[in-house]
Protein chains: 2
Amino acid sequence: MTAANRQIRLAARPQGAVKPTDWEHATAPAAEPGEGEFAGRTRFLSLDPAMRGWLDDRPSYLPPVGIGEVMRAGSVIEVTASNHPKYEVGDHVVGTFGVQEHVVSDGRGTIKVDPAAAPLSTYLGALGMPGMTAYFGLLEVGALKDGETVVVSGAAGAVGSIVGQIAKVKGCRVVGIAGGAEKCALLTEELGFDAAIDYRSEDVRKALREHCPDGIDVYFDNVGGPILDAALTRLAMHARVVICGAISQYNAESKVEGPSNYLSLLVRRARMEGFVVFDHAARYKEAAAEMAGWIAEGRLKVKEHIVRGTVDDFPGTLQMLFRGENVGKLVLELV
Amino acid sequence: MTAANRQIRLAARPQGAVKPTDWEHATAPAAEPGEGEFAGRTRFLSLDPAMRGWLDDRPSYLPPVGIGEVMRAGSVIEVTASNHPKYEVGDHVVGTFGVQEHVVSDGRGTIKVDPAAAPLSTYLGALGMPGMTAYFGLLEVGALKDGETVVVSGAAGAVGSIVGQIAKVKGCRVVGIAGGAEKCALLTEELGFDAAIDYRSEDVRKALREHCPDGIDVYFDNVGGPILDAALTRLAMHARVVICGAISQYNAESKVEGPSNYLSLLVRRARMEGFVVFDHAARYKEAAAEMAGWIAEGRLKVKEHIVRGTVDDFPGTLQMLFRGENVGKLVLELV
């Protein structure tokens, strides 16, 4: 009596934007857990800009997803059967289980989470990778000091919305860059940002001049392209530019657009530094505890964009990220 | 009885490469030193890639040279008259005295140098700004560790030739990138570099793959453009990219070419940092003493390219830098 396991597999390496034909919608028999393993049912799937990079066959911080393999994705699953000493039926577990309905795992790289402490989806957002990325990128890589001026792009996204709020906790002046009036209103009216710049309707360079009269101390970049270039023109002395991602460039079919104004790093004695959140894994627990405290105090507001559907909705939902259609963390809840 | 003072002044802001008509060749009466001042005769003029940046009217680490002003330049002068308590006739003094035959100074920002300790021209090179730039850029900004792999571009130039040799003193593997077989031979046969890459005849990316099998720990960039981009593809984990200059871009009439491969900073958890040598002025003396020791021990070979002529030869000599015609520090000796 084996259940069917619906899966999304990579069918072809995308050229530029991902096309529907780059995915294979497949059904496999759901596997039974072996000795020391558990089985589970996927409840929430994480959708992340970084996924685009995982589809390209080039050297990166993780190997590319292979053709024919189940698409890599973080998710929250509910344990349905267990031969694992640490997990019981009914437990909720976060891990990189892939885009599929049913999973089997030996527990490596997984974390048990408490649905009473936070909504399950939040373990994929503020208390998951995006939250950790914001926390360590801003505080460690960006070496944020209290009272500095922080600018973040992709500010209404999963990472950006948290970056700005952590900076506010630290007493900083925070300017967010996002696309559209609605997202900008969210930043200033709900999330406590000092100012928001709508890159779709404003001259970003001019707006940064206005909102950052003393320059930018930390620029947290999620987008790359012309917005990164604009931010480079406004760096304060000894500024830090944190390279977290470059969503504007992930679908580029030709060369990535390099930051033409990079020589301002010299003029402003500034640095630009990249990072990968996994390097900070030893401190996730400590960071998550501090973030959970800020959430409880109402100082960190969790923004999630939950799409309800099936694994077959994964490809279409992923597109929302690259069209800027999500506000906060984008999650697919399997119903 | 006033001597004539031949001067080179900025006549117009250059568009792209500097043209002869961007300079005015003028003659003014040589000034007499006032109270607390000294007068001197220029012996050696420094020619530096950074000079191109000083001609543009845009925010930078120094104000631009004004139209009609004597061109800014470092030089070694010989004191010919003095009302200054610290300088006597016959003393040799380094300062930013400008492109002119005769100077008057109140001594601010000047240093007395000893012609018995080193040739006068060396105070504009290895023991002057280029030497300090190499020293602090590599050791402080680049945070060089013994035994690392260092790549330097513009490796046969004033700064690059010293960067590579300091790295060898520190027990590093050193690869230089330069233009032409002659410069490359100098690097490996005379200056002790482990390998040299001729960017005019070789595929730099491929050559870096071959010469840096474990990646680049410190990349010291003097050139920008495609060579910077190639180096970014070979970074080791936690690499440091030191942005010292971008001579390939200084004459660009359109946008500077940004480094398309900057996202390797993320993949490799690397940083790119700019600096201006003046910030390290408090430690010049200490650095110069250490460099002088290395010179005395034969571990640091001083390469100078001395053109003999008059101040009227300044514009033509400056072009040599942008054509890559100099080997080592380019100096104009007034005869």
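On a predicted model such as this, the values are computed, not experimentally measured, just so you know. A note on names: the letters A, B, ... follow the listed sequences, proteins ahead of strands, and every chain is numbered from 1.
- For A:L228, the part lying near chain B is the side chain, with the backbone staying farther off; criterion is any non-hydrogen pair under 4.5 Å.
- For a heavy-atom cut-off of 4.5 Å, chain B lies close to no residue in residues 124-150 of chain A.
- Applying the salt bridge (Lys or Arg N to Asp or Glu O under 4.0 Å) test to every pair with at least one member in residues 257-277 of chain A, sequence neighbours left out, gives these pairs: A:R269-B:D279, A:R271-A:E273.
- Most heavy-atom pairs under 4.5 Å with chain A, from the set B:V241, B:V242, B:V267: that is B:V267.
- A 6.0 Å sphere centred on CD of A:Q15 holds no more than 12 heavy atoms belonging to other residues, nucleotides or ligands.
- Taking B:T233 as the reference, B:R205, B:N261 meet the side-chain contact (heavy atoms from CB on, under 4.5 Å) condition, with sequence neighbours excluded.
- Ranked by heavy-atom pairs under 4.5 Å with chain B, the list A:S264, A:S260, A:C244 is led by A:S260.
- Looking at B:L232, neither its backbone nor its side chain comes within 4.5 Å of chain A, counting heavy atoms on both sides.
- Side-chain contact between A:L266 and B:V276 is present, with at least one heavy-atom pair separated by less than 4.5 Å.
- The side chain to side chain donor-acceptor pair (under 3.5 Å) analysis of residues 206-221 of chain A, with sequence neighbours excluded, yields the pairs A:S153-A:Y219, A:S153-A:D221, A:Y219-A:D221.
- B:A246 and A:Y262 get closest at one heavy-atom pair: CB-OH, 3.6 Å.
- Rounded to the nearest 0.5 angstrom, A:L265 CG and B:F275 CZ are separated by 12.5 Å.
- B:I243 touches chain A through backbone and side chain together, each having a heavy atom under 4.5 Å away.
- Chain A forms the most heavy-atom pairs under 4.5 Å with one residue out of B:K255, B:M272, B:R240, and that residue is B:M272.
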